[in-house]
Amino acid sequence: MTETAIIAQELQFHWASGTPVLQSCSFEVPKGEFWMLLGTNGSGKSTLLRVLAGLLSPQAGAFTIAPPVGFVFQNPDHQLVMPTVGADVAFGLVEEQLPYSQIRQRVSEALSAVSLTHLQRRPIYALSGGQKQRVAIAGAIARHCQVLLLDEPTALLDADSQLSLVAQVRQLIKERGLTALWVTHRLDELDYCDGAFLLEAGRVVDQGDPARLRHRLIQTSVAIA
Ligand SMILES: Nc1ncnc2c1ncn2[C@@H]1O[C@H](COP(=O)(O)OP(=O)(O)OP(=O)(O)O)[C@@H](O)[C@H]1O
Ligand SMILES: [Mg+2]
């Protein structure tokens, strides 16, 4: 039987204003797979990721997710807090109170996983957008996260860095048996995932084969245009 890394069951979430955002939202992501989450603006994608990361509490429903969970934001400048690459990756390990030698080893291993070893001492401000996203991902790898939740990590990247990041994340997932849920509006990224969910008004209305979902969304946008 396939192991499941993320299970969401009938999740409900509404803001204090009462506006429902997630409604009977259910889905599963198998361990070791790379799934994407699609949906129009305001359909609840970021809210769902924040619920799964434990940053928001659902009013009803339940979820399980294999810990530790890593979160990657759309804008890395909201995530990276230390002055240099190596210090930022190490910062995520503070809570674990590891001996210095282990911290050093985890940081160098995580930077190697995202091909940034040569930039360990580089100031964060001197990185490109794609490099910053890879530092954020290295932070999760250093913490030995089993699941990565990525909220439009390529939204601010140019086309080349976008496809190189999605390819690298796919490779990391497959090499390390990690699981990822990646939010995107960019349909060309669907070529890299194992499956996708389509969210509409806080509900999963379609899921499965990325090529089929891509086709469905292209047809819909042609019909709207
Ligand atoms: N802090 C907040 N307080 C109140 N309402 C919010 C808050 N954050 C988001 N919302 C509302 O919740 C709904 C879902 O927002 P969410 O950010 O999850 O959508 P999304 O699918 O991620 O959209 P996008 O594609 O634009 O990122 C929207 O109607 C949004 O206006
Ligand atoms: Mg969003």
Side-chain angles (χ1 to χ4, degrees), residues 6-29 34-65 69-80 129-130 132-134 136-137 139-140 145 147-159 161-163 165-166 169 179-193 195-208 210 213-225:
I6 310 174
I7 305 176
Q9 292 165 311
E10 303 279 319
L11 288 175
Q12 310 269 358
F13 180 86
H14 59 80
W15 297 103
S17 59
T19 321
V21 180
L22 301 179
Q23 309 186 63
S24 302
C25 185
S26 300
F27 62 92
E28 294 188 1
V29 182
F34 184 10
W35 280 64
M36 292 193 180
L37 181 60
L38 307 160
T40 51
N41 294 123
S43 55
K45 304 179 298 296
S46 295
T47 306
L48 175 58
L49 245 58
R50 287 162 73 191
V51 166
L52 295 173
L55 302 169
L56 291 173
S57 298
Q59 282 87 13
F63 67 95
T64 55
I65 188 161
V69 174
F71 200 100
V72 176
F73 295 90
Q74 176 174 329
N75 186 343
D77 292 331
H78 296 163
Q79 176 147 33
L80 306 178
K132 285 182 186 173
Q133 288 301 43
R134 281 148 67 190
I137 293 165
C145 290
V147 175
L148 303 179
L149 302 173
L150 307 106
D151 194 357
E152 297 198 52
T154 56
L156 305 177
L157 305 185
D158 60 50
S161 332
Q162 173 209 357
L163 292 182
L165 188 74
V166 69
V169 168
T179 307
L181 184 58
W182 165 296
V183 175
T184 190
H185 284 287
R186 298 175 120 178
L187 298 184
D188 47 352
E189 293 175 2
L190 284 167
D191 292 345
Y192 295 83
C193 69
F197 302 109
L198 177 60
L199 206 62
E200 258 177 40
R203 243 183 258 273
V204 175
V205 294
D206 200 351
Q207 61 181 289
L213 277 162
R214 181 178 178 156
H215 187 69
R216 172 180 171 158
L217 289 172
I218 291 170
Q219 297 294 99
T220 318
S221 57
V222 169
I224 291 168

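Values in this document were obtained by computation on a predicted structure and should not be read as measured data. In each ligand, atom 1 is the first atom listed, and ligand 1 is the first ligand listed.
Under the 4.0 angstrom criterion, atom 30 (C) of ligand 1 counts as lacking any protein heavy-atom contact. Under the 4.0 Å distance rule, the nearest protein heavy atom to atom 19 (O) of ligand 1 falls inside the cut-off.
For Gln74, the closest heavy-atom approach to ligand 1 does not fall below 4.0 Å. The shortest heavy-atom distance from Thr40 to ligand 1 is under 4.0 Å. Using a 4.0 Å cutoff on heavy atoms, Gly39 does not count as a contact of ligand 1. No heavy atom of Arg50 sits closer than 4.0 Å to any atom of ligand 1.
Looking at Thr47, Leu49, Val51, Thr184, it is Thr47 that brings a heavy atom closest to atom 16 (P) of ligand 1.
Summary of contacts: the protein heavy atom closest to atom 26 (O) of ligand 1 is Asn41 ND2, 2.9 Å. Residue, atom and distance of the protein heavy atom nearest to atom 23 (O) of ligand 1 are Gly42 N, 2.8 Å. The shortest contact between atom 9 (C) of ligand 1 and any protein heavy atom is with Trp15 CZ2, 3.6 Å. Protein heavy atom nearest atom 17 (O) of ligand 1, with residue, atom name and distance: Ser46 CB, 3.7 Å.
At a cut-off of 2.8 Å, Ser46 is counted among the residues with an N, O or S atom near the Mg ion (ligand 2).
Using a 30° and 60° split on the angle between ring planes, Phe73 and Phe71 fall in the tilted class, from 30° to 60°.
Between Asp77 and Lys132, at least one side-chain nitrogen of the basic residue sits less than 4.0 Å from a carboxylate oxygen of the acidic one, meeting the salt-bridge criterion.
The two residues Met36 and Glu189 have their closest heavy-atom pair at CE-O, 3.2 Å.
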